[in-house]
J.: 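Below you will find the structure I want to go over with you.
Keep in mind that what you see is a predicted model, and the values were worked out from it rather than measured.
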Amino acid sequence: MNFIEDLKWRGALNQVTDETGLIDAMQSGEIGAYVGTDPTADSLHLGHLIPFMVLKRFQNAGGKAIIIIGGATGAIGDPRPTTERQLLSPEQLRENEKGITEQVTKLFGDDHTVIVNNNDWLGQLTLTDFLRDYGKLFSINVMLKKDVVASRLETGISFTEFTYQILQGIDFHELWRRHNVQLEIGGSDQWGNITSGIDLIHSIEGNEAKAFGLTIPLMTDSSGKKFGKSEGNAIWLNPEKTSPYTFYQFWFNQSDEDVVKYLKYFTFLGVDEINALEQESKNNPGGRVAQRRLAQEVTKFVHGEQAVSDAEKLSAALFTGDVANLSATDIADAFGGVPSFDITADKKNIVDFLVDGEVEKSKRQAREDVTNGAITISGEKVTDVNFEIDPTKHYEGKFVLVRRGKKKYFLGTVK
RNA sequence: GGGAGUGUAGCGAAGUCUGGCUAAACGCGACGGACUGUAACUCCGUUCCUUCGGGUUCGUAGGUUCGAAUCCUACCGCUCCCA
């Protein structure tokens, strides 16, 4: 299977400008492909992983992966279909660029990878050069027809955001020149911006210049929700923001309906292996073999081997182990990835304890959960709202382990 | 600039004409519990805060009234139509 066939099989292809042309180009020598990311936050989340997976496959298929960190475009803001974006401060942008660059480096390695910041060229561009060299090549009439822009004509769009597609087009052309980048990859909402780039390359370099675009379908789970959220929170790639344990559990808990789709999409396993896992999942869904493999593979890709074994150790402790008899060292070891809060060694009423530790948002809720039997303290179920927690009782007086519901854990650390 | 409408709990949406029975229907979501495969489905409970006496809510500020989400006035936001 070539690159495109593989993407099709994986359900990762929405549109491509010229399929055979692209395959020919890939076969005639090493070309580059790029994905751009604007530094809108200090970390990537699972939504970002979607185009990066495709770029990684391109790299694995013998191509060169180029990632743009959009220091300049991030300062402008990619128009959203609804409302104008809030501008980020330069300090915030620098901060975000740093975090994202580190993560991308981790995902792609050094080999056949180039990470660039579009501030390097867009930042140098003067207004008159911009208008003379590029502005002339863009037709307002065409720009207005792009979906995002069209949808904003009712509610309004600033000149700044309107210009974004030109900047992204310049990016593509610049990479085409500097790094032989002939392919831009993006989400399905990026189609307009990508074709702007291709048109620009053709305008400047002539129609025979090779430039392609490829978009990826919108990811949704089987219940139709946008992919990548857990309890309404984004799953971040930064282990400080989303612990590797939570990350692992996110994948482990995927439904039978979705697991094969995600195996195809988010792992580098081959056809045979995925088919085998699909079969296994159908024959013995309770074994969750496919989910486990998915969790292992993606966690390994994002956080490394060590994180996988840590997450599995912690999962085992939480779901099968006898938590009350673990040692303080085990706790420190295994529960590092769980939300934690500081406590004192003094005895404390359970309701106050839960609210102060932000396990519960109100005393009312805390009482309700205690009464319902939803709270377990260091392995011991507590149903009495007058219960006094004695932090010296377990784990050498160092920790109090709180479980709320079936699988949410919190760790109180004695200071 | 002229006209119409609208603003209710995390979201959606009743209630407003015909003031009290409304801490405010119902749906979704969320959180618990049972079941289970750390699942889905289903079922049950909770979903403003509380020292459980009560306290503070229906865009904001006033007013009428024994009593207002409901009536009156002003202001703010949003939507649509006309120019």
J.: Could you run through nucleotides 35-43 of chain B and give me one letter per nucleotide, 5' to 3': B if any protein heavy atom sits under 4.0 Å from the base, S if only the sugar-phosphate is that close, - if neither?
T.: BBBBB----
J.: May I have the list of side-chain donor-acceptor pairs in residues 104-112 of chain A shorter than 3.5 Å, sequence neighbours left out?
T.:
unit_1    : atom_1 : unit_2    : atom_2 : d
Thr105(A) : OG1    : Thr101(A) : O      : 2.6
His112(A) : ND1    : Glu30(A)  : OE2    : 2.7

J.: Apply ring-ring contact (aromatic ring centres under 6.0 Å, His included) to Tyr245(A) and list each qualifying residue two or more places apart in sequence or on a separate chain.
T.: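 Tyr245(A) satisfies ring-ring contact (aromatic ring centres under 6.0 Å, His included) with no other residue.
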J.: I need the residues from residues 273-281 of chain A with at least one non-hydrogen atom less than 4.0 Å from RNA chain B; give them sorted by number, or say none.
T.: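 Going residue by residue through residues 273-281 of chain A, none turns out to have a heavy atom under 4.0 Å of RNA chain B.
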J.: If the condition is side-chain contact (heavy atoms from CB on, under 4.5 Å), which residues does Leu144(A) pass it with, not counting sequence neighbours?
T.: Ile140(A), Val149(A), Leu153(A), Phe162(A)
J.: I'd like to check the ring-ring contact (aromatic ring centres under 6.0 Å, His included) partners of Phe268(A); sequence neighbours left out, ordered by chain and number.
T.: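 Counting only residues at least two positions away or on another chain, Phe268(A) forms a ring-ring contact (aromatic ring centres under 6.0 Å, His included) with Phe301(A).
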J.: Identify the pairs formed between an N or O of the protein and an N or O of nucleotides 47-50 of chain B at a distance under 3.5 Å, and give each distance.
T.:
unit_1  : atom_1 : unit_2    : atom_2 : d
rC49(B) : OP1    : Lys361(A) : NZ     : 3.4
rC49(B) : OP1    : Ser362(A) : OG     : 3.4
rU50(B) : OP1    : Lys363(A) : N      : 3.2
rU50(B) : OP2    : Arg364(A) : N      : 3.0

J.: I need the full list of ring-ring contact (aromatic ring centres under 6.0 Å, His included) pairs touching residues 393-412 of chain A, with sequence neighbours left out, sorted by first then second residue.
T.: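 Found Phe335(A)-Tyr409(A).
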J.: Output the residues of residues 348-355 of chain A in contact with RNA chain B, where contact means a heavy atom of the residue under 4.0 Å from an atom of the strand; sort by number or write none.
T.: none
J.: Quick one: list whatever passes salt bridge (charged side-chain N to carboxylate O under 4.0 Å, His left out) with Arg132(A), sequence neighbours left out.
T.: none
J.: Taking only residues two or more places apart in sequence, or in another chain, which ones meet Glu273(A) in a salt bridge (charged side-chain N to carboxylate O under 4.0 Å, His left out)?
T.: Arg293(A)
J.: Suppose the criterion is salt bridge (Lys or Arg N to Asp or Glu O under 4.0 Å): which pairs have a residue in residues 342-353 of chain A, not counting sequence neighbours?
T.: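 Output for this query lists Lys348(A)-Asp356(A), Asp352(A)-Lys363(A).
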